Number of protein chains: 2
Amino acid sequence: MNEQQWLKELLQRNGEDVKLSEKQIKILQAAIEMFAEKGYAATSTSEIAKRAGVAEGTIFRHYKTKKDLLLAIVTPTLFKSVAPFLAKEFVKEVFESQYQSYEDFIRALLRNRYQFVKKYLPAIRVFWQEIAFHAEIKEQFQRIFTTHVYQKFKQIVEHFQEKGELTAIPVDSVIRMTITTIAGFLLTRFIVLPDYDWDDEAEMERTVQFLMHGLSKKDGWFA
Amino acid sequence: MNEQQWLKELLQRNGEDVKLSEKQIKILQAAIEMFAEKGYAATSTSEIAKRAGVAEGTIFRHYKTKKDLLLAIVTPTLFKSVAPFLAKEFVKEVFESQYQSYEDFIRALLRNRYQFVKKYLPAIRVFWQEIAFHAEIKEQFQRIFTTHVYQKFKQIVEHFQEKGELTAIPVDSVIRMTITTIAGFLLTRFIVLPDYDWDDEAEMERTVQFLMHGLSKKDGWFA
DNA sequence: AATATAAGTGAGTAATCACTCATTATAGAG
DNA sequence: CTCTATAATGAGTGATTACTCACTTATATT
């Protein structure tokens with residue numbers, strides 16, 4: 001894919017393109033690369049300017065502070081990270097037609113998030129590395145998660161529990177196990193062992209099976 | 001527990017105590033706290049000195065550079081993180097007497113690592129936050145993991161696969177799923193949602209059951 | 001072509017950085 | 001007590017930091 005295309009896609013919201021000058025794109029690219037490698041605090045604005053091929057003053061013309069530049073990267077990444085759950089009709093679609101089972105839903109979600117991480121990896125690195133250090137980012141994430149992701153996830157899990165597909169353990173536990181299993185795969189695949197000889201299709205299907213065997217209603221499960 | 005005791009326990013290796021002056025303990029405590037909160041790069045040595053109640057020069061008398069101070073925290077934490085796997089007789093013990101099943105082994109491991117994280121949380125935060133930014137730490141971790149943890153984990157998993165308790169999916173996948181499930185619980189419990197109303201005993205048992213249902217040999221599993 | 005607006009520049013600034021070192025305080029040995 | 005060694009200090013160092021601003025260049029509008 002075009003080097004600039006993925007950045008523009010990352011930054012767009014509600015389908016509306018953001019206008020970016022050439023230099024602005026260069027700045028964002030350089031910043032993402034360097035923040036991902038060395039971290040926000042260890043990267044100086046002069047280094048970013050150098051790698052972007054612009055004067056240091058240019059950065060501050062577009063972003064009032066260095067932290068504004070970080071947020072310009074991190075905020076869109078946060079929204080894209082939970083994108084499937086932001087759609088209004090999402091839950092309804094899961095219930096009504098799209099997915100016959102929790103397994104189908106999980107499989108689709110895993111594949112979808114796999115493609116997402118593959119595409120935007122550097123920006124995602126920055127997001128997850130910096131969330132530990134910046135209260136604003138953490139609060140924004142918690143707000144989005146509780147109001148959008150958690151609410152909808154809960155409805156979906158309860159739906160499939162009532163249908164008898166999932167065990168009757170607490171919804172929160174099901175959500176936690178689902179998310180940590182999916183995130184655990186993606187983290188191992190792209191961050192911890194990116195050079196391992198992965199058979200992605202097979203490993204994703206194994207992950208789905210692992211999750212479903214772990215969560216399906218069956219004898220022997222107790223809450 | 002004594003505020004200084006846990007630090008001394010963290011730093012000791014092979015059961016040998018390390019000699020630490022009062023000021024040195026204060027420095028390490030301050031550094032761990034601040035690195036955990038703001039990150040290594042965003043914490044200045046003058047701030048550490050201030051919080052520790054020592055002169056800035058005192059830090060450099062004990063640690064040649066700021067990075068040496070970081071490594072003095074991170075290296076012992078790394079070793080303690082994988083401590084169960086460093087014992088020579090570990091695999092033999094698992095096979096012979098201690099644990100009759102993979103489930104028993106996993107339950108013991110989870111409880112053990114739960115106590116570990118609870119005890120040394122701030123130092124663990126520093127370790128995991130900084131491993132992304134420092135090649136030395138990452139390399140050290142990979143070396144320890146492949147030579148000690150992975151090798152032994154593999155033997156254990158193969159053992160219980162041969163006994164017919166675990167599915168015949170690739171060993172690496174079993175290890176990955178086991179570790180991400182355990183780490184996923186601990187991460188959620190202590191880092192992501194520490195203020196959630198946890199029933200630790202129940203959630204740990206649920207996690208063990210989830211893992212075992214996900215990994216047990218049964219009809220329907222395919223590799 | 002004239003004008004207005006925005007984009008880009010880079011030398012300059014005060015603050016802060018990790019680290020040094022000459023000096024002083026402390027403590028145990030004889 | 002004196003002597004010696006180590007621990008601790010904090011003012012001082014040059015380098016680097018995020019950010020500013022007077023100025024130049026490019027683009028758009030009339």
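Order of the sequence lines sets the chain letters (A, B, ...), proteins ahead of strands, with each chain counted from 1. In this text, all values refer to a predicted model and were calculated from it rather than measured experimentally. Below, each value reflects all heavy atoms present in this structure, side chains not excepted, and no hydrogens, waters or symmetry copies.
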Face-on cation placement of A:R113 at A:F116 ring, 6.0 Å and 45° thresholds = yes

For residues 27-50 of chain A, which residues have at least one heavy atom under 4.0 Å from DNA chain C?
-> none

[X] bridged to [Y] by N-O distance under 4.0 Å:
X      : Y     : answer
A:E33  : A:R51 : yes
B:K119 : B:E9  : yes
A:E136 : A:K67 : yes

Would you say the ring centers of [X] and [Y] fall short of 6.0 Å from each other?
X      : Y      : value
B:H159 : B:Y102 : no
A:F190 : A:Y114 : yes
A:F133 : A:Y40  : no

Detail all sub-3.5 Å separations between protein N/O atoms and N/O atoms belonging to nucleotides 24-28 of chain D.
none

Looking at B:E205, B:E203, B:E201, which hits salt bridge (charged side-chain N to carboxylate O under 4.0 Å, His left out) with B:R111?
-> B:E201

Does a side chain donor of either B:T188 or A:R176 reach within less than 3.5 Å of an acceptor in the other side chain?
-> no

B:S46 versus B:E56, side-chain donor and acceptor atoms under 3.5 Å = no

Can you give me the N/O atom pairs linking the protein to nucleotides 8-12 of chain C at distances under 3.5 Å, or say none if there are none?
from, atom 1, to, atom 2, distance (Å)
C:dG8, OP2, A:H62, NE2, 2.7
C:dG8, N7, A:R61, NE, 2.8
C:dG8, O6, A:R61, NH2, 3.2
C:dT9, OP1, A:K23, NZ, 3.0
C:dT9, OP2, A:A55, N, 3.0
C:dT9, OP2, A:T58, OG1, 2.6
C:dT9, O4, A:R61, NH2, 3.4

